[in-house]
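Chain naming here is simple, since letters A, B, ... match the order of the sequence lines and numbering starts at 1 in each. Computed from a predicted model, the values in this text were never measured in an experiment.
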Amino acid sequence: MANEKTIANASESGTDKLLLIDGNSIINRAFYAMPPLTNSSGMHTNAVFGFTTMLLKVLEEEKPSHLLVAFDAGKTVFRHEGYAEYKGGRQKTPPELSEQFPLLKELLRAFSVPQFELPGYEADDIIGTLTRRAEEQGQTAVVVSGDKDMLQLASDQVTVLLTRKGVSETERYAPEEIAEKYGLTPAQIVDLKGLMGDSSDNIPGIPGVGEKTALKLLAEYGTVEEVLAHGGEIKGKLGENVRGHEDSARMSKELATIFREVPLEQQWTDLAWRGYDASALAAALRKLEFKSLIERLDLSGSVAGDDAETGAAAPVYEAVLVRGADEWAALADALPAAEALLVEANGDNPHQTEGIGLAVVSGEQVFVVPYARLGEPDAGPLRAWLADADAEKRGYDLHRSELVLARSGVELRGQTFCVQLAAYLLDPTEADPSLTGLLSRYGLSGVQPDEAVYGKGAKFRVPDEEALAAHLAAKADAVRRLAGPLAEALEDAGMRRLYYELEQPLAVILAGMEKQGIVVEASALEELGKEFQGRIEQTTAEIYRLAGFEFNIGSTKQLGDVLFEKLALPVVKKTKTGYSTDAEVLEKLEPYHEIVRLILHYRQLTKLQSTYIEGLLKEIRPEDGKIHTFYRQTIAATGRLSSQFPNLQNIPIRMEEGRQIRKAFVPSEPGWRILAADYSQIELRVLAHISGDEGLKEAFRQEMDVHTKTAMDVFGVSADQVDGNMRRQAKAVNFGIVYGISDYGLSQNLHITRKEAAAFIEQYFNAFPGVRRYMDDIVDQAKRDGYVKTLLERRRYLPDIRSSNFNLRSFAERTAMNTPIQGTAADVIKLAMVRMDEALRERGLKSRMLLQVHDELVFEVPPEELDTMRELVPDVMSKALQLDVPLLAEVSAGVNWYEAK
DNA sequence: ATCCTCACG
DNA sequence: ACGTACGTGAGGATA
């Protein structure tokens, strides 16, 4: 390709000039200097953009014949050896920046710019070494950096360009300029640092010595050593500080000194730069979507082919579609080195979905098995590998994979890392759980959205095997690429144990519970449904009679017309689209018209009928008479589970009519019992623990009724003076406290004025000062850190906590108060589930854990284990996590879930 | 698809 | 002055 092009080339004029760029320093400057910028696939690109504009500018101005971008490498820079805190004060690199390093390196390759890094050395050491060698050989060099330390390299032959303000503006420093600006020689720059330190690198210097003082001292004494030698002459506090921090000053100078003897094999002469390949650069810039740069470099004609159009990176793996004996054999050979697994299925409900295909990544190959072939005899080794608990599986949504495989009789064991679960822990509020979404969050690409491959909704089609293989291979490779960075991020966030000891084992336990399922007697539901149906018809007729005509009671629009226009009842509340008719509104309207009570009753009955009778009946599987829910571990922002298809965490209990539904939930074997155990007041106990409030802790230690205790303290009365109404109000206050109290919310709940609610809250905080302190502290903490965490280090980020929008900020503040409470309670019961699973196994019990309902665990138990389980379950639950207050779990058993109360 | 309503902790 | 209690999932109506 005769496409070589240079901006300029100094060697044509006979002078060699070496340009050395401090990659880390410049990309950092660029990141903070440029506004946020992303391309259409969500990659952050602002730092790369800034870097590139800087690069183009200096190439144009300096016209170098030789060129290098040096990067820091590895974590243990040799300077650490003497001083562990070196650079310790540095902020962690934000992911939005770190994800740009690979992009920059790729772009530099397209520029044909030599780049390197050397483990154990920083970029400035490499640059220092190369400038020294250039000097020795009588050549000139230009160094570009944002770091003032680099000025120590300036000489007759070496010029330093420091970025100023932005990134493409630089300031030129030869020794004269340094003398002019600081009155120092380049060599004295390290003395300057030695005295004044550098907070960004955690170099201490001498306390109380800033730039001014340091320059004054150096003007007088010349070097750190001389300053220290004359420490006795320096008067006052300054002299004291100098004399007291001699070691610190010497060490700081040493840390600031660039090491110029790096064992580099490359000579600067190896770094000749002859320009870039226009088509490669155009493709790279297009991928980054730097249209202005493409234009500026006049590259718009240089885009070759479709590949450049889409900017697709060349895959570094080979997709192998498994169709026959040869591929099966190759797959079997590759299994011991498998790095990632992907199981693709076609629907949301893993208990109903059919597998589409399966992919295994091993080295440079990704084997893709169309799902139907999993039953072939040749699949034996693959099935054995899947079932081998010692063969580690890294995957995406392994919980779902296990269920999908189980449906076709394939066992999955040995799950060690799930990128979806890991990503959830790192940011549980991130909405897009797709692999593509995950990739873009981590600055990676190369996978098409599922929708683009399969279509969505009714148009869902599995493409031909080759296209399928390409897609599944890309996804499986994406899992491999994500696993390392995610695992590292978990470590960095202190969530290693949360992941490996709690969430990952729990995923397997949940899959077990779901596969087990719970028997629901269709006949019982149908009986109950008939009864509801009769009452619905009766109520409907009565409503029509009172209205004077028939209408759709279930339509809020029609109902609104009837209530607020025909019957002219007062409008209490409006929604975005019309009149509000929710239960709260209807309760207020009850005194005005008889019809209102009937509507409430109608609502209650139709809810039970459609959601619980008809809804559950549809979910009973004819093969086993059971309902198999699907617990989702990566949905709730607080760390709770959620339950789908159907939701078994919202089966009625508060109203007797609805509670009857629970009679249909029965054991799967004759004579067995349903046993349910629930934590008593777990959230308030957690609050007592994390707030450390003495009064609240004492109440739980005495096993007092916490609402009565609250009433006593808030109303200032003795236990026997607390009446039902006071206790009810105190209970509402306790709920409010857990939810993140606001006077408005409490006033709504108790139907009192905001002022009265505020007075209650004030009374509460006076009675429980530790709780007030917790609420204040947690909000401060959230403002400072940007997130809150639970006892087990689960995190939730609250970006709105610093919002200037009152609503957003208030919401975030309440969330900051609530999440550690609700989330720690979630931690506790999850831990109890892991321990319970172990306990059942260790003791060889036949009892099975079936359901979790946030603070409750439901089991089915054979009669001979009933006594054991009545003790074991509450025991394990109460010991799941040691708090400053007891954790009490109450247990009950019966022939169905209703009776286990 | 989105809104409203309501079941649970 | 602002105007919501925290966290979910599902069904039916409507646009």
Query raised in the report: Charged N to carboxylate O under 4.0 angstrom, Asp827(A) versus Arg794(A)?
Result: yes
Query raised in the report: To the nearest Å, how far apart are Leu559(A) CG and dC6(B) C1'?
Result: 15 Å
Query raised in the report: For Tyr744(A), is the NZ or CZ atom of Arg754(A) found under 6.0 angstrom from the centre of its six-membered ring and inside 45 degrees of the ring axis?
Result: no
**Report entry** N or O in side chain of Ser642(A) less than 4.0 angstrom from dG9(C) OP1/OP2
**Finding:** yes
Requested in this report: Measure from CD on Glu657(A) to C1' on dC6(B) and round the result to the nearest Å.
Outcome: 15 Å
Report task. For Leu608(A), report the nucleic acid contact type (base, sugar-phosphate, nothing); a contact means any heavy atom under 4.0 Å. Result -> nothing
Query raised in the report: Checking all strands, does Phe811(A) fall into the base, sugar-phosphate, or nothing category for heavy-atom contacts under 4.0 angstrom?
Result: sugar-phosphate
Requested in this report: Considering only NZ, NE, NH1 and NH2 on the basic side and carboxylate oxygens on the acidic side, decide whether Arg772(A) and Asp693(A) come within less than 4.0 Å.
Outcome: no
Requested in this report: Would you mind reading off the distance between Tyr631(A) atom OH and dG9(C) atom P, rounded to a whole angstrom?
Outcome: 13 Å
**Report entry** Sugar-phosphate, base or nothing in reach of Leu746(A), heavy atoms under 4.0 Å
**Finding:** base
Query raised in the report: Mind checking whether Phe665(A) and Leu616(A) have side chains closer than 4.5 Å, heavy atoms only?
Result: yes
Query raised in the report: Of all the choices, dA5(C), dT5(B), dA13(C), which nucleotide is nearest to the side chain of Asp582(A) once you look at every atom?
Result: dT5(B)
Query raised in the report: Would you say Thr606(A) reaches dG11(C)'s phosphate, i.e. side-chain N/O to OP1/OP2 under 4.0 Å?
Result: no
Report task. Check the angle between the aromatic planes of Phe645(A) and Phe630(A) and answer parallel, tilted or perpendicular using the 30° and 60° thresholds. Result -> parallel
Report summary line: From the list Lys530(A), Glu537(A), Glu531(A), side-chain contact (heavy atoms from CB on, under 4.5 Å) with Gln533(A) holds only for Glu537(A)
Query - Asn818(A) side-chain N/O to dA5(C) phosphate OP1/OP2 under 4.0 Å - result: no
Query raised in the report: Roughly, in whole Å, what's the span from CD1 in Ile599(A) to P in dT5(B)?
Result: 13 Å
Query - Distance between P atoms of dT5(B) and dA5(C) (Å, rounded) - result: 13 Å
Query raised in the report: For dA1(C), what is the paired nucleotide under Watson-Crick or G-U wobble rules, both distances under 3.5 Å?
Result: none
Query raised in the report: Has the side chain of Arg654(A) got a donor or acceptor atom sitting under 3.5 Å from an opposite partner on the base of dG9(B)?
Result: yes
Requested in this report: Could you tell me whether Ser643(A) contacts a base, only the sugar-phosphate backbone, or nothing, with contacts defined as non-hydrogen atoms closer than 4.0 Å?
Outcome: sugar-phosphate
Report task. Could you give the distance separating dC3(B) and dT4(C) at their P atoms, to the nearest angstrom? Result -> 15 Å
Report summary line: Separation of dG9(B) atom C1' from Gln681(A) atom CD, nearest Å, is 12 Å
Query raised in the report: Does Phe806(A) stack onto the base of dC2(C), taking stacking as ring centres under 5.5 Å apart and planes under 30° apart?
Result: no
Query - d(CZ, Arg632(A); C1', dG7(C)) in whole Å - result: 15 Å
**Report entry** Sugar-phosphate, base or nothing in reach of Gln644(A), heavy atoms under 4.0 Å
**Finding:** sugar-phosphate
**Report entry** Leu648(A) CG - dG9(B) C1' separation (whole Å)
**Finding:** 14 Å
Query - Out of dA10(C), dA13(C), dT5(B), whichever nucleotide has its closest atom nearest the side chain of Asn647(A) - result: dA10(C)
Query raised in the report: Across all strands shown, which nucleotide pairs with dA13(C) by Watson-Crick or G-U wobble geometry, both distances under 3.5 Å?
Result: dT2(B)
Report task. Give one of base, sugar-phosphate or nothing for Val853(A), where a contact means two heavy atoms less than 4.0 Å apart. Result -> sugar-phosphate
Report task. Could you tell me whether the side chain of Ser810(A) has a donor or acceptor atom within less than 3.5 Å of a complementary atom in the base of dT4(C)? Result -> no
Report task. Give the rounded distance in Å between these two atoms: CD1 of Ile651(A) and C1' of dA10(C). Result -> 11 Å
Query raised in the report: OP1 or OP2 of dT5(B) less than 4.0 angstrom from a side-chain nitrogen or oxygen of Ser580(A), does that happen here?
Result: yes
Query raised in the report: Is there a donor N/O on one and an acceptor N/O on the other, under 3.5 Å, for the side chain of Arg603(A) and the base of dT5(B)?
Result: no
Query - Nucleotide of dG3(C), dA7(B), dC4(B) approaching Asn650(A) most closely (side-chain heavy atoms) - result: dA7(B)
Query - Sugar-phosphate, base or nothing in reach of Leu641(A), heavy atoms under 4.0 Å - result: nothing
Query raised in the report: What's the closest nucleotide to the Lys576(A) side chain, out of dC6(C), dC3(B), dA10(C)?
Result: dC3(B)
Query raised in the report: Considering heavy-atom distances to DNA chain C, does Ala637(A) or Gly745(A) have its closest nucleotide positioned more toward the 5' end?
Result: Gly745(A)
Query raised in the report: Would you say a side-chain N or O of Thr577(A) is under 4.0 Å from OP1 or OP2 of dT14(C)?
Result: no
Requested in this report: Look at all strands and tell whether Gly554(A) reaches a base, only sugar-phosphate, or nothing, counting heavy atoms closer than 4.0 Å.
Outcome: sugar-phosphate
Requested in this report: With the side chain of Gln604(A) defined as its heavy atoms from C-beta on, choose the nearest nucleotide among dA5(C), dA7(B), dT5(B).
Outcome: dA7(B)
Query raised in the report: What does Asn552(A) touch in the nucleic acid at a heavy-atom separation under 4.0 angstrom: a base, only the sugar-phosphate, or nothing?
Result: sugar-phosphate
Report task. Before accepting this row, confirm whether a basic side-chain N of the pair Glu521(A)/Lys663(A) lies closer than 4.0 Å to the acidic partner's carboxylate O. Result -> no
Query - Criterion side-chain contact (heavy atoms from CB on, under 4.5 Å) on Tyr774(A) and Val779(A), from CA distance to verdict - result: CA-CA 8 Å; Tyr774(A) 161 74; Val779(A) 169; over 6 Å; no
Query raised in the report: With side chains defined as the heavy atoms from C-beta onward, is the minimum distance between Tyr631(A) and Leu851(A) less than 4.5 Å?
Result: yes
Query raised in the report: Which part of the nucleic acid, if any, lies within contact of Ala732(A), taking any heavy atom under 4.0 Å across all strands shown: a base, the sugar-phosphate backbone alone, or nothing?
Result: base
Query - Distance-only donor-acceptor test (3.5 Å): side chain Gln649(A), base dC8(B) - result: no
Requested in this report: Ignoring backbone atoms, establish whether Arg640(A) has a side-chain N or O less than 4.0 Å from OP1 or OP2 of dG7(C).
Outcome: no
Query raised in the report: When you match His854(A) and Asp743(A) each to their closest nucleotide on DNA chain C, which lands nearer the 5' end?
Result: Asp743(A)
Requested in this report: Answer yes or no: does a side-chain N or O of Ser742(A) lie under 4.0 Å from OP1 or OP2 of dT4(C)?
Outcome: no
Query raised in the report: Under 4.0 angstrom, heavy atoms only, what part of the nucleic acid is Ala825(A) near: base, sugar-phosphate, or nothing?
Result: nothing
Report task. Classify the side chain of Arg796(A) and the base of dG7(C) as holding, or not holding, a donor-acceptor pair under 3.5 Å. Result -> no
Query raised in the report: When all nucleic acid strands are considered with a 4.0 Å heavy-atom cut-off, which category describes Asn749(A): base, sugar-phosphate, or nothing?
Result: base
Report task. Give one of base, sugar-phosphate or nothing for Ala826(A), where a contact means two heavy atoms less than 4.0 Å apart. Result -> nothing
